[in-house]
Amino acid sequence: MTEIGIVGIISGLIVWLIKQLGQMFIDKNISLYKQELQNKSDQYKSELNQVFEKYKSELAFHSQKAFKLHDRRLEKIDELYSLLSDFYNDMFTLTTWKIVTGMKDEEVKKQEYDNTMKAGESGNKFLIYYDKNKLYFNSETCKLIDEIIQLLKGSHSDFSFKYIFGQVSPQMEIENIKQATEKIRNKVPEVKTKLENNFREIIGVEN
């Protein structure tokens, strides 16, 4: 009986020892697994932070680039519209100026010539500036500007025709003046209003 009791105690100790060793092994594996998870989590956080910082940097770069481009566009719009107004006002003067009572024929011709040349100069300034900065405007804006250019250039050609190709018949001159006046008084203002609304949208000004 004593031997049986000793064997039982030893067996119990062995079972207990095995359980303890097993638990230690399990605890060790769990600890290693936790550490592995922590390492992977830290690595993932590090990679995520790097991606996030890169994204913030790229976003800041593109935002700054967009702001600079918008500021440049505002400058171009301001200057272009100023030159367009000069061209249009000179053309309006050319088509609407009145002969003052008592003016001699030579004075009338000189005044008309001076008005034509002045409109031509302001027109060239506008066209040169637009040609150099056309890339700053989208296709819709360019379409409106091109339409105005055709109307203004056509009107100016009606007046400058005789200075380039020589004197024309009175009937042809009257017809040219009539066509030019119609464009300047009616057609150009319509397109000009559309262009102004287009510029307001770009600038961010409410209509």
Side-chain angles (χ1 to χ4, degrees), residues 58-99 108-168 171-207:
E58 291 178 351
L59 183 62
F61 172 77
H62 288 298
S63 296
Q64 185 179 20
K65 185 178 179 181
F67 283 132
K68 288 183 178 180
L69 176 59
H70 186 64
D71 288 341
R72 290 280 290 172
R73 290 185 75 190
L74 295 182
E75 293 175 4
K76 302 303 179 183
I77 288 174
D78 181 66
E79 182 64 21
L80 185 73
Y81 186 75
S82 177
L83 293 172
L84 172 60
S85 295
D86 290 341
F87 187 18
Y88 174 71
N89 289 333
D90 288 343
M91 285 302 304
F92 190 83
T93 298
L94 178 60
T95 57
T96 60
W97 76 281
K98 304 296 182 182
I99 299 175
V108 172
K109 291 179 180 179
K110 184 178 184 306
Q111 184 63 55
E112 185 178 289
Y113 176 80
D114 290 343
N115 289 343
T116 303
M117 294 301 105
K118 188 172 185 295
E121 291 175 3
S122 60
N124 285 334
K125 290 180 180 179
F126 168 70
L127 292 173
I128 290 172
Y129 187 84
Y130 172 57
D131 185 62
K132 288 183 177 180
N133 298 280
K134 195 172 184 178
L135 288 178
Y136 284 94
F137 305 103
N138 60 33
S139 57
E140 180 183 357
T141 304
C142 290
K143 183 178 179 180
L144 292 171
I145 296 174
D146 291 338
E147 188 175 351
I148 286 181
I149 288 175
Q150 291 302 316
L151 290 170
L152 291 173
K153 284 180 64 177
S155 299
H156 189 266
S157 295
D158 290 334
F159 273 89
S160 61
F161 185 89
K162 61 184 177 183
Y163 301 118
I164 299 173
F165 298 101
Q167 194 63 38
V168 297
Q171 183 178 359
M172 182 177 180
E173 184 173 0
I174 292 174
E175 185 62 28
N176 286 346
I177 293 174
K178 182 180 178 181
Q179 290 178 0
T181 303
E182 167 65 18
K183 293 173 186 175
I184 298 302
R185 289 186 177 182
N186 299 317
K187 295 183 179 180
V188 172
E190 291 180 3
V191 185
K192 189 167 178 284
T193 297
K194 293 179 182 178
L195 180 62
E196 289 168 351
N197 291 334
N198 180 277
F199 281 161
R200 289 189 183 99
E201 289 181 5
I202 297 174
I203 296 172
V205 177
E206 296 181 2
N207 292 326

* Asked: Do any N or O atoms from the side chain of Asn198 and from the backbone of Lys194 form a donor-acceptor pair under 3.5 angstrom?
  -> no

* Derivation and outcome, side-chain contact (heavy atoms from CB on, under 4.5 Å), residues Ile184 and Leu151 -> CA-CA 8 Å; Ile184 298 302; Leu151 290 170; over 6 Å; no

* To do: Could you give me the CA-CA distance, side-chain angles and deciding distance for Gln111 and Asn115, then say whether side-chain hydrogen bond (donor to acceptor under 3.5 Å, both in side chains) is met?
  => CA-CA 6 Å; Gln111 184 63 55; Asn115 289 343; 3.0 Å; yes

* Structure fact -> Hits for side-chain hydrogen bond (donor to acceptor under 3.5 Å, both in side chains) against Asp131, two or more places apart or cross-chain, chain-then-number order -> none

* Return the set of residues passing side-chain hydrogen bond (donor to acceptor under 3.5 Å, both in side chains) with Ser122 (not counting sequence neighbours), or none when no residue passes. => Asp90

* Asked: Listed by chain and number, what are the side-chain hydrogen bond (donor to acceptor under 3.5 Å, both in side chains) partners of Asn138, not counting sequence neighbours?
  -> Thr141

* Asked: What side chain to side chain donor-acceptor pair (under 3.5 Å) pairs are there with at least one residue in residues 145-159, not counting sequence neighbours?
  -> Tyr130-Asp146

* Shortest non-hydrogen separation from Lys183 to Pro189 and the atoms involved -> O-CD, 4.1 Å

* **Candidate pair Tyr88 and Ile148, rule side-chain contact (heavy atoms from CB on, under 4.5 Å), full reasoning** => CA-CA 9 Å; Tyr88 174 71; Ile148 286 181; over 6 Å; no

* Look at atom CZ of Phe92 and say whether more than 12 heavy atoms of other residues, nucleotides or ligands are closer to it than 6.0 Å. => no

* Looking at Ile145, Ile149, Leu152, Val188, which hits side-chain contact (heavy atoms from CB on, under 4.5 Å) with Leu84? -> Leu152

* Asked: When rounded to the nearest 0.5 angstrom, what is the spacing between OG1 in Thr181 and CE in Met91?
  -> 8.5 Å

* To do: Apply side-chain hydrogen bond (donor to acceptor under 3.5 Å, both in side chains) to Lys134 and list each qualifying residue two or more places apart in sequence or on a separate chain.
  => none

* Asked: So, are Asp114 and Lys118 salt-bridged, with charged N and O less than 4.0 Å apart?
  -> no

* Test side-chain contact (heavy atoms from CB on, under 4.5 Å) on Lys125 and Asp86 and set out the steps. => CA-CA 10 Å; Lys125 290 180 180 179; Asp86 290 341; over 6 Å; no

Listing, residues 74-83 side-chain donor-acceptor contacts under 3.5 Å, not counting sequence neighbours, or none:
unit_1	atom_1	unit_2	atom_2	d
Lys76	NZ	Asn133	OD1	2.9
Tyr81	OH	Lys192	NZ	3.2
Tyr81	OH	Glu196	OE2	2.5

